[in-house]
Amino acid sequence: LEELIKMLVEAHGIIKESDDLWRVETSRVENLRVPPTLVGVLQARFDSLLYPEKVVLQRASALGRAFFDTALKAMDGTDEIYLDHLEHILVGLEKREFIHRRETSSFAGSKEYVFAQNMLRDQIYETLLEWQRRIYHACIAEWLETVAGDRVAEYTPQIAENYERAGKLEKAAEYLYYAGKQAFERGIFNDASQLLQRSVTLFGEASDPRSLESRLLLGNTLLRQGDLRNVVELFAWTLNAAGEIGNESLQARALYQLS
């Protein structure tokens, strides 16, 4: 109902004369084609926006329900589209209640916004083409690495997810390993095993030290959980791979785990 009222206001079917007085323009409402579903109403409202406003919301949707003006600035031009007056566009979108600005921000020097509706964000994200998603998520990952500064460890899962969605699987696997290691050190073994399994999967059959570190740590995590089914296979594979690349340190650690 709220979104329908917004649509009628934007179409001048409902006129706000004062804080307490609203007037219905019957002639406009009668001629207005109103979508029968919420999805249709949200789409109609999105379609009514100017092109720069649509681009801003599409970029913002790649960040999730919450997004930041500095991220949008970092994304400008990555799709070969350059927008002027970002602040003015955001103010306009806020006035039309597509977005809301939060009083505080997770990152110093950034303004934080949130989509008015989860469904709106999801619907807009679905309009992105695959190539747009890849470049947006790559930019978001790099922006997070920079803006997080000394707090980058807090955002390793989000950075990993964005690199994975960008198709940069090696970078994603590396950050998943760091996130899994943090969870392991905190004793959150369920999270650690999930993160490390994803890291191992993305590294694939690669025999470089980072991949082998992921497998060793995954094996140790599964041991903590009492899951012995795949532990021997993990350590044995790591032992052989470490031997192939001549990494004696990793060989010794894998052999120790097998002993």
Expected output: side-chain Glu233 to main-chain Asn230 donor-acceptor under 3.5 Å: no
Gln58 side chain reached by Met75 side chain, heavy atoms, under 4.5 Å: no
With a 3.5 Å cut-off and sequence neighbours excluded, list the donor-acceptor pairs that the side chains of residues 80-90 form with protein atoms.
from	atom 1	to	atom 2	distance (Å)
Glu87	OE1	Lys111	NZ	3.2

Distance-only side-chain donor-acceptor flag, Gln251 / Asn247, under 3.5 Å: no
Glu161 side chain reached by Arg165 side chain, heavy atoms, under 4.5 Å: yes
Any donor-acceptor pair under 3.5 Å from Arg65 side chain to Val114 backbone: no
Closest non-hydrogen atom pair between Ala116 and His100, with its separation: CB-NE2, 3.7 Å
4.5 Å side-chain heavy-atom contact, Tyr136 and Asp79: yes
Minimum heavy-atom distance Ser48-Arg96, with the two atoms named: OG-NH2, 3.0 Å
Side chains of Ser106 and Phe68 in contact at under 4.5 Å (non-hydrogen atoms): yes
Residue pair Leu120 / Leu57, side-chain heavy-atom distance below 4.5 Å: no
Where Ala192 and Gly180 come nearest, the two heavy atoms and their spacing: CB-O, 3.6 Å
Lys/Arg cation over aromatic Tyr125: Arg133, 6.0 Å, 45° cone: yes
Ser105 side-chain N/O to Ser110 backbone N/O, donor-acceptor pair under 3.5 Å: yes
Main-chain N/O of Ala153 paired with Gln182 side-chain donor or acceptor, under 3.5 Å: yes
Joint hydrophobic cluster, Leu169 plus Ile159, side-chain heavy atoms closer than 4.5 Å: no
Verify same cluster id: Leu195, Leu217 (apolar side-chain graph, 4.5 Å): no
Distance-minimising heavy-atom pair for Leu176 and Ser199: CB-CB, 3.8 Å
Student check: side-chain heavy atoms of Thr127 and Lys54 closer than 4.5 Å: no
Hydrophobic cluster identity match, Val55 and Trp131, side-chain contacts under 4.5 Å: yes
For Leu128 against Ala62, the heavy-atom pair lying closest together: CD1-CB, 4.5 Å
Residue pair Gln123 / Gln117, side-chain heavy-atom distance below 4.5 Å: no
Identify each donor-acceptor pair in which a side-chain atom of residues 140-150 lies under 3.5 Å from a protein atom, sequence neighbours left out, and give them as a table.
from	atom 1	to	atom 2	distance (Å)
Trp143	NE1	Thr70	OG1	3.3
Glu145	OE1	Tyr163	OH	2.9
Glu145	OE2	Tyr163	OH	3.4
Glu145	OE2	Tyr175	OH	2.6
Thr146	OG1	Glu142	O	3.2

Gln43/Asp47 under side-chain hydrogen bond (donor to acceptor under 3.5 Å, both in side chains): CA gap, chis, key distance, verdict: CA-CA 6 Å; Gln43 186 63 51; Asp47 290 342; 2.9 Å; yes
Single-linkage hydrophobic cluster Phe115~Leu72, side-chain heavy atoms < 4.5 angstrom: yes
Heavy-atom pair with the smallest gap, counting every atom of Arg215 and Thr238: CB-OG1, 3.4 Å
Side chain proximity check, Arg210 to Tyr177, heavy atoms < 4.5 angstrom: no
Pairs touching residues 181-221 that satisfy ring-ring contact (aromatic ring centres under 6.0 Å, His included), sequence neighbours left out: Phe184-Phe189
Hydrophobic cluster identity match, Leu222 and Val232, side-chain contacts under 4.5 Å: yes
Output field: ring centroids Phe46/Phe98 closer than 6.0 Å: no
